[in-house]
Amino acid sequence: MNKPIDVAPRNGGAARAASAVLERPADEPAGGGAHFLRTIIAEDNALGRYGGRVVTRFPPEPNGYLHFGHAKSIVLNFGLAAENGGTCHLRFDDTNPLKEDVEFEDAIAGSVRWLGYDWGAHRYHASDYYDVLYDFAEWFIGQGLAYVDSQSADEVRRTRGTLTEPGVPSPWRERDIAENLDLFRRMRAGEFADGTHVLRLKIDMASANVNMRDPVVYRIRHARHHRTGDRWCIYPLYDYTHCISDALERVTHSICTLEFADHRPLYDWIIERLADGGKLARPLPHQYEFARLNLTYAVLSKRKLIQLVEEGHVDGWDDPRMPTLVGARRRGYTPAGFRLFNERIGVSKSESWIDMGVLEDAMRDDLNATAPRRIAVLDPIRLVIDDYPEGRSEMMSAPNHPQQPELGRRDLPFSRELWIERDDFDETPPKGYFRLAPGAEVRLRYAYIVRCTGVDKDAQGNVTTVHCTYDESTRSGSPGADARKVKGNIHWLSADHALHAEVRLYDRLFRVPFPGARERAAAGANAQTKSSSIEGDDADADERERNFLDDLNPESKRTLAAFVEPALAPAAPEARFQFERHGYFVADLLDHREDRPAYNRTVTLRDSWNANPKAKGRNP
Ligand code: ATP
Ligand code: MG
């Protein structure tokens, strides 16, 4: 009997494998909550089922960019491995030569690394196993467990039966082994056209589980593969490839989303037979299913994401509004925020919807702790302090973080002419308005108390300048500065010192929780009723009735000519800040330059969507 095949040692060896043991990222939330996968792994370890090994894998198909749903799977798989001193493999599931590309592979690997994870030496491809998979297929034929079916794809589909009716055996099901082997070899040799034959496992056409009704495992496809070139004209299917890849890599816990639960008997059938035949080593991997991430105000289907990009509804895959990881990075979302989010939503076995607010809150909480504070005036109007000497300026001092004095302070130049926010002044203020109004007093944050004495207007009656006087004895930080209390406290920038900056105010890409859902469904849906009708991406009939593009938020991006404080001059791309009273912002990864600053709003300081009565569908 052949020795069982075990690729993990061949590809790395013990030393390299050991060096790839995952470190828990420093900012990983500690001591995460219990969930069924953590429990299972702890139990397996206690029982010594895998000799204490924990090997997981993240298996993306290199046919697109990763999205927030993938982040859940990445954090889960790499996280579980890290918690247990194990390893997580990055395996490109490249069994479809038509849709895949190395460009996607690089982006995917980059996003996994960006999230803070390291696969060490364990970067694999399903296509690495094509030879082994082929040998195993011949073995199945030799055992009488596989046959070449010469029906068309249509016939195969039609004779598969339904949930209530058994399938109809193919007329080719009883071909003898020698003929099957000969045909399969000729399939591989390129003698046949696409679609003329397939290889099927011979399991049970009457099985209650449709996946067990002689599943197709190889099809002919005369297509060039981005890694194996023209070496193959037959390609293995996912169900056959995936379980064998897991077993070859000595994966212990193979974690996937719920729609694969019905495929688990096939997963086990294939690798059990191969292990019985001495082709695979035991203990074999076990598949576990968890609920995929469904996020409100977003779409996570690859098809829809492609449509958004190709039809130009967004500025590319890495548009900061896209729920992709390359988009998240430009938006200013943080890897630690994703990990925090994943801890908060947990892992479950039943479908549910998570409100976008939960993700935004996780980002807020992470950024609140880490982002230095800065001043930006986004919608400027001029304020002149008439009794402040012309030409004079002085340095005010502002803390970089109110709760973290160790982060120090920075200087903020003050002068006679300032920029303030247009909406911090109101000529006819409503009741309870504590900002600037004729005759009213406010504190200019980190500076003086000023009183509004009048305004200049243009020909149309719009206010162009606000005039004030100031009280020299109220300078922040000076003795007695707080003797006089005022309710309003507004930010400002010295007009002579402020820097121009382009600021992009990003908001949710969709204006409703369930883009494309029927009005009734959208208005009445709560997490519960909605989740019961969801299977996978867009199996919900309600969702097909309207075009999800009709629900795009027309205000998801606003570009402003703003001012920022001089201390931001050296900010590097991807530096993150809180702009006081506005939210969290990031210097754009691609567009930000010292002489042409560009900031993206990551998230506002507070959730304004949740307060909106139209924004229903939030998870309780
Ligand atoms: P496709 O339809 O192309 O298969 P996919 O979203 O499943 O799309 P894959 O590249 O196959 O993309 O996914 C890689 C891994 O990410 C799989 O293990 C899959 O289960 C997981 N994954 C995909 N979407 C989600 C999601 N929304 N939540 C959690 N995990 C997900
Ligand atoms: Mg998939």
Side-chain angles (χ1 to χ4, degrees), residues 357 360-361 364 368 373-388 398 402 414 417-471 474 476 481-495 498 503 505-508 511 553-565 578-585 601 603-616 618:
E360 291 169 348
D361 265 344
R364 244 180 227 121
N368 180 37
R373 274 45 174 173
R374 293 289 182 268
I375 305 284
V377 176
L378 302 184
D379 182 15
I381 184 172
R382 190 174 290 268
L383 179 144
V384 178
I385 304 172
D386 292 305
D387 55 349
Y388 192 89
F414 182 87
E417 297 206 6
L418 309 175
W419 296 117
I420 61 166
E421 299 290 347
R422 191 171 298 277
D423 69 1
D424 279 339
F425 173 81
D426 197 327
E427 207 180 6
T428 53
K431 210 166 162 314
Y433 185 88
F434 297 124
R435 292 167 279 167
L436 264 185
E441 278 191 330
V442 295
R443 172 167 293 283
L444 297 176
R445 179 171 288 200
Y446 313 124
Y448 300 104
I449 291 178
V450 295
R451 173 187 297 277
C452 176
T453 53
V455 296
D456 296 340
K457 292 187 181 175
D458 64 15
Q460 286 77 47
N462 303 310
V463 175
T464 53
T465 304
V466 178
H467 289 275
C468 286
T469 55
Y470 81 119
D471 180 344
T474 59
S476 292
D482 294 332
R484 209 139 59 74
K485 295 281 179 216
V486 290
K487 283 207 170 127
N489 182 322
I490 68 173
H491 63 272
W492 50 271
L493 288 172
S494 163
V503 170
L505 296 185
Y506 289 111
D507 203 345
R508 295 182 183 174
R511 57 187 172 77
N553 175 8
E555 279 155 34
S556 61
K557 178 182 182 183
R558 274 169 56 214
T559 302
L560 306 175
F563 290 106
V564 298
E565 68 172 85
Q578 184 196 94
F579 289 169
E580 293 188 22
R581 301 175 67 217
H582 286 305
Y584 297 96
F585 290 75
R601 182 170 69 192
V603 65
T604 52
L605 290 179
R606 270 170 290 279
D607 183 357
S608 56
W609 286 82
N610 200 21
N612 174 358
K614 277 203 225 137
K616 289 243 180 72
R618 189 180 166 82

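These numbers come from the heavy atoms of this one structure, side chains and all, not from hydrogens, waters or symmetry mates. A quick note: this is a predicted structure, and the numbers were derived from the prediction, not measured.
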message: Under a 3.5 Å cutoff, is there a donor and acceptor pairing between the side chains of W609 and D507?
response: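 Yes, a side-chain donor-acceptor pair sits under 3.5 Å.
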message: Under 3.5 Å, is there a donor on one side chain and an acceptor on the other for R443 and N489?
response: no
- request: I would like to know whether F585 and L505 meet side-chain contact (heavy atoms from CB on, under 4.5 Å); could you show each step before the answer?
  value: CA-CA 9 Å; F585 290 75; L505 296 185; 3.9 Å; yes
message: Using side-chain contact (heavy atoms from CB on, under 4.5 Å), reason through L378 and R581 one step at a time and then give a plain yes or no.
response: CA-CA 11 Å; L378 302 184; R581 301 175 67 217; over 6 Å; no
task: Answer yes or no: is there a donor N or O on one side and an acceptor on the other, between the side chain of R445 and the main chain of W492, under 3.5 Å?
output: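 Absent.
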query: So, H491 side chain and A376 main chain: donor-acceptor pair closer than 3.5 Å or not?
result: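 Yes, the answer is positive, given that a donor and an acceptor are paired below the 3.5 Å cut-off.
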Please tabulate, one pair per line, all N/O donor-acceptor pairs under 3.5 Å involving side-chain atoms of residues 557-564, not counting sequence neighbours.
residue	atom	partner	partner atom	Å
K557	NZ	D315	OD2	3.0

statement: Residue set satisfying side chain to side chain contact (heavy atoms under 4.5 Å, CB included) with F434, at least two apart, ordered chain then number -> K487
Residues that D379 engages under side chain to side chain contact (heavy atoms under 4.5 Å, CB included), provided they are two or more places apart: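 Listed in chain order: E421, R422.
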- request: Report the C-alpha distance between F425 and V463 in whole Å, list the side-chain angles of each, state the deciding distance to 0.1 Å, and finish with yes or no for side-chain contact (heavy atoms from CB on, under 4.5 Å).
  value: CA-CA 9 Å; F425 173 81; V463 175; 4.1 Å; yes
task: Let me see the working for H582 and R601 under side-chain contact (heavy atoms from CB on, under 4.5 Å), right down to the final yes or no.
output: CA-CA 9 Å; H582 286 305; R601 182 170 69 192; over 6 Å; no
- line: Residues at least two apart in sequence or cross-chain that pass ring-ring contact (aromatic ring centres under 6.0 Å, His included) with Y448, listed by chain then number, are F414, Y470
query: Pick one: which of L436, T469, V442 meets side-chain contact (heavy atoms from CB on, under 4.5 Å) with C452?
result: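 Testing each of L436, T469, V442 against C452, the sole residue satisfying side-chain contact (heavy atoms from CB on, under 4.5 Å) is L436.
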task: Give me the one residue out of D387, L444, I420 that meets side-chain contact (heavy atoms from CB on, under 4.5 Å) with V450.
output: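 The residue from D387, L444, I420 that satisfies side-chain contact (heavy atoms from CB on, under 4.5 Å) with V450 turns out to be L444.
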query: CG/D361 to CZ/R606 distance, rounded to the nearest 0.5 angstrom?
result: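 Going from CG on D361 over to CZ on R606, the span is 11.5 Å.
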- prompt: Is any side-chain heavy atom of P554 less than 4.5 Å from a side-chain heavy atom of R511?
  reply: yes
field: R382: salt bridge (Lys or Arg N to Asp or Glu O under 4.0 Å) partners, not counting sequence neighbours
entry: E417
- prompt: Applying salt bridge (Lys or Arg N to Asp or Glu O under 4.0 Å), which residue pairs with at least one partner in residues 447-470 are found, sequence neighbours left out?
  reply: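 Listed once each, the pairs are E427-K457, E441-R451.
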